[in-house]
Each structure stands twice: as C-alpha cells, then as structure tokens.
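Everything below concerns the one structure shown next.
Computed from a predicted structure; not experimentally measured.
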Amino acid sequence: MAPVLPFSEPNSGFDSPYYKQTHHDFRAKVRAFVDKEIIPYVSDWEETGTYPPELHQKAYDAGIYSATWPVEYGGTPPPDFDAFHDFIFLDELARAGCGGFLASALFSFNIGLPPILVAGSTYLKDLVARDVITGKKILALCISEPHAGSDVAALRTTAHREGDYYIVSGEKKWITSGMKADYYTVAVRTGGPGIKGISLLLIPRNSEGVFTRRMKTQGWLSSNTAFISFDKVKVPVKNLIGQENQGFKLVMHNFNHERWAMAVMSNRYSRVCIAEAIKYARTKNTFGKRIIDHQVIRHKIADMARQVETTHAWIEQITWRMANGATQEQLGGQIAMLKVQATRVMEFCAREASQILGGASYLREGKGEIVERLYREVRVQAIGGGSEEILNDLAMKQAKL
C-alpha cells in the first residue's frame, strides 16, 4: 500500500469523535469501488463527454449507487446510516477529481428526488422512486432559467391548469444530466409573482413538447448539461409535487443539502490538488534540487493545507448539527457560508497547484490533467447551487444584521 501523502486524507493518523466503525467500513467500501471502477476510466469519460450507462447497475450492485437512500425504495444504506455516512460517500467519490462525471452519474438524482420523497404523493413515489434509486431511470432537477438562476423567485416557466392537466411553457438552463434524464423535477409558476406562486411538477422527458439540447460547458464535460424547452407540455395534475404554490420552500430546503454536498466535494477537490502538487514537486527538479525543496513551494503547500483543514473542520461541525436535529432554517445560513468558504479554498488550491505544476497543468493529458480539469471546474462549484454573492447575502439576512 502506497504511503499517504501529507494533507491528502482527512483526519489522517488520528481518531475522531465523529466517526464509528460503520463509517470506517463504509469509507473503505466506497474507496474500493472508486479505485477500481472510476479512477482508471474517468479521464476518458470526461474527454468523450459521457460515461457508460451500465455503470449505474454496477454501482448499485456494489451497494454504492443508492447508499444514501431508504431501503423501502431499493436503497442500500450502511448500518446506522447518518449524515456522516453521506459526508463520506461524497468525499470518497470526489477523490476521482472529476465533478462532471460525479454530478451526472451519481449525484443529480440526489437533488431531483428529495422533493418527491418529502412531499410527493404515494402515486409519484411509486412511479419513480424505486426505478431512480436502483439506477433504472435517471431524474434531473430543473430550477435555473435563462433569466433566473440563484433568484428562484423570479422564474418564468408557467403552468396553467386546464382540467386534469397543467400546460407548461418555458425554458430551463444549466440542467445537469438533462440529456440523459428520463424525468425532470421542474419548478414552475402556477400562481402570482414571487415565492408564493411556485410549484414543483414531475415531467417525463418523453412528453410531447419537451425539447433538449446539449450545452457546451467550460468544465464538467461529462455532465450532460442541457438547455430544456417546454412548449405547451400537458402534465397531469397528479404529477404535482406537494401543494400548489408551495414549492418554493421545498426548493430552498433542497438547496441546503445540495450546497452542503458541493462544499464537501469542493474541499476534497482541494485535497486532490494538494496531492497532485506534492507528487509532482517531489519528482521535478529545478535549479539543482526538487521543486518541493524550495521554500516558496513549501509555503504554497502550507497555505493550501491550512485552508483545507480549517474548512474540513467546519464541514464536520455542520454535519454533526445535521445528524443531531438542526432544522433546515437553522442550517441555511451556515451552509451558505460553508459553500462559499469551500469553493474559495478550491479556487485557491487549484491556482496554487497549477502554479506548482507549471506548464504540465495547462494540458488535458499527462501528469497535470487532473489539476487542469479541476481548475476548469472551479467556476461551476462556486456558482452552481447559488453564487457566493447570493449565499453571503442569504447568510447575513438570516443573521439579522
């Protein structure tokens, strides 16, 4: 077994009061799958822009794909599942250093399905939950629009009721997994302006009037990100998720987990940047000695590690609150600031790792390809799920300054 690189693993060499044996066992299980089935292939998947569809079944059979979902719908959670298992799940998957694959193949239904399980009817749960959780169907969340990203209350996609149907018209943009999804969880306007007129609908992709096109993204090349148009799509009223005009709260609560997850993944990406920088600096020589032996490089590593370890401690603190009864309202502002922190640290680490690797990090091949890829993924981590400006403002509003 190769020695652990400094700062590349959380709590390396130390016990932690947050974790018990089921957490350690689960980390080993996810890591084994990632090392065998993802890391050797993920660069090729990213370059081709997609991943093999059979991966869903392979991950499900390994107990990985649905490790965070209820057993009653086909989930395969570890014993005594809690928020720290969820943390470990995301942290280990992010070791592959490829957000596009992770978001599309293993995470998009983590933001599309919860509203259905929380507020959906028995009919909707029976329709999609088991098929999505077992990997037979793909579900994507459709919130953002050309004119409304973080400002969800400004969305323009409409759903007018006509008898037993809603007639849906509008556009959605930046939809992760949109090109692969079988179903969409869609935020629509069923009432007046603002937050009190928003509802959620489940819309099958094969509905007449649904059109998709793939978007060319800076990073996340394998995310299958889509622009989706709804042209007078007839959606049965029974596909309403929760109550009419009460969808905004579901969206906001859903954002908490999405933002927390992005913080977890971003901090692991920062660790990956540190590891790649150390590996390279140990083998490359300049001016008669290894790069790692130059004081200026060692200080770069120290600055990266200091920020990553600090952020990790904050993530664990908030995860403990999640596992011990904190309400969504109590968590909102804290998670908002956490995501800002983690993505800014990722931006710093991607830059510093790129500086250490030099020209190697400018190439989508060779020793610098992972750092190059993560450098391009910084912006989607910082903007997706809520830009840092919006999130900082949200946190200060909740703090009642």
Side-chain angles (χ1 to χ4, degrees), residues 65-77 81-87 89-90 106-134 137-144 152-153 155 159 166 172 175-177 181-191 195-204 235-262 264 318-319 321-336 339 385-386 394:
Y65 190 78
S66 301
T68 63
W69 296 98
V71 173
E72 63 183 298
Y73 295 112
T76 56
F81 177 82
D82 63 14
F84 282 98
H85 290 99
D86 198 1
F87 178 11
F89 175 73
L90 295 166
L106 299 169
F107 184 69
S108 67
F109 71 101
N110 276 265
I111 57 177
L113 186 58
I116 295 173
L117 294 185
V118 169
S121 64
T122 300
Y123 163 75
L124 289 179
K125 293 174 184 177
D126 291 344
L127 178 66
V128 299
R130 179 169 289 275
D131 280 351
V132 169
I133 287 172
T134 58
K137 299 290 184 181
I138 297 174
L139 175 66
L141 181 68
C142 297
I143 303 293
S144 296
V152 176
L155 66 83
Y166 288 106
K172 297 293 180 179
I175 307 306
T176 303
S177 287
D182 300 286
Y183 296 98
Y184 301 122
T185 298
V186 186
V188 297
R189 185 163 301 286
T190 48
I195 65 175
K196 295 182 179 180
I198 295 174
S199 300
L200 293 180
L201 293 175
L202 179 71
I203 302 181
V235 181
V237 170
K238 62 184 178 180
N239 282 27
L240 176 68
I241 302 170
Q243 298 180 23
E244 187 174 271
N245 297 328
Q246 299 297 313
F248 185 80
K249 187 174 182 179
L250 288 173
V251 172
M252 291 300 104
H253 287 179
N254 204 48
F255 269 146
N256 275 351
H257 184 269
E258 178 182 4
R259 291 163 179 167
W260 170 82
M262 293 186 78
V264 172
I318 289 180
T319 303
R321 293 174 183 172
M322 292 167 59
N324 286 275
T327 66
Q328 295 296 333
E329 288 75 14
Q330 290 172 326
L331 292 168
Q334 288 291 304
I335 289 177
K339 179 180 177 290
L394 167 65

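The minimum heavy-atom distance between Asn256 and Gly332, with the atom names listed, is OD1-CA, 3.4 Å. The two atoms that bring Ser177 and Ile138 nearest to each other are CB-CG2, 4.4 Å, heavy atoms only. Residues Ala129 and Leu113 approach most closely at CA-CD1, 4.3 Å, considering heavy atoms. When every heavy atom of Ile318 is checked against every heavy atom of Gln334, the shortest pair comes out as CD1-O, 3.7 Å. Listed here is the closest heavy atom pair of Asp82 and Phe84: OD1-N, 3.0 Å. Minimum heavy-atom separation, Ile175 to Ala140: CG2-CB, 4.1 Å.
Here the CG-CG distance, from Leu240 to Leu124, works out to 8.0 Å after rounding to the nearest 0.5 Å. Note that the CG atom of Leu331 and the CH2 atom of Trp260 stand 11.0 Å from one another [nearest 0.5 Å].
When atom types are taken as modelled, the side chain of Thr190 and the backbone of Ile198 share no donor-acceptor pair closer than 3.5 angstrom. Between the side chain of Lys339 and the backbone N or O of Gly385, no donor-acceptor pair lies under 3.5 Å. Side-chain N or O atoms of Asp131 include none that pairs as donor or acceptor with a backbone N or O of Lys137 at under 3.5 Å. Side chain of Arg321 to backbone of Thr327: no donor-acceptor contact under 3.5 angstrom is found. Looking only at distances, a side-chain donor or acceptor of Thr185 sits under 3.5 Å from a matching main-chain atom of Gly112. At distances below 3.5 Å, not a single donor-acceptor pair connects side-chain atoms of His257 with backbone N or O atoms of Asn254. Of the possible polar contacts, none joining the Asp86 side chain to the Phe89 backbone as a donor-acceptor pair under 3.5 Å is found. Distance alone, capped at 3.5 Å, places no donor-acceptor pair between the Lys172 side chain and the Leu141 backbone.
Looking only at side-chain heavy atoms (C-beta outward), Arg189 and Leu155 come within less than 4.5 Å of each other. The closest side-chain heavy-atom distance from Ile116 to Leu139 is below 4.5 Å. Counting only heavy atoms from C-beta outward, the side chains of Phe255 and Ile335 never approach each other to under 4.5 Å. No side-chain heavy atom of Met252 sits less than 4.5 Å from a side-chain heavy atom of Leu394. You'll find the side chain of Leu201 reaches within 4.5 Å of the side chain of Tyr166, heavy atoms only.
Around the CD atom of Glu329, the shell of radius 6.0 Å holds more than 12 heavy atoms that belong to other residues, nucleotides or ligands. For Lys125, the NZ atom sits in a packed shell: over 12 heavy atoms of surrounding residues, nucleotides or ligands are nearer than 6.0 Å.
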- Message: Could you go through Ile143 and Ile111, starting from their C-alpha distance and side-chain angles, then the distance that decides it, and tell me whether this counts as side-chain contact (heavy atoms from CB on, under 4.5 Å)?
- Response: CA-CA 11 Å; Ile143 303 293; Ile111 57 177; over 6 Å; no
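The aromatic ring centroids of Phe109 and Tyr65 lie less than 6.0 Å from each other.
Not counting sequence neighbours, the partners of Pro204 by the side-chain contact (heavy atoms from CB on, under 4.5 Å) test are Tyr183, Asn206, Ser207, Asn239.
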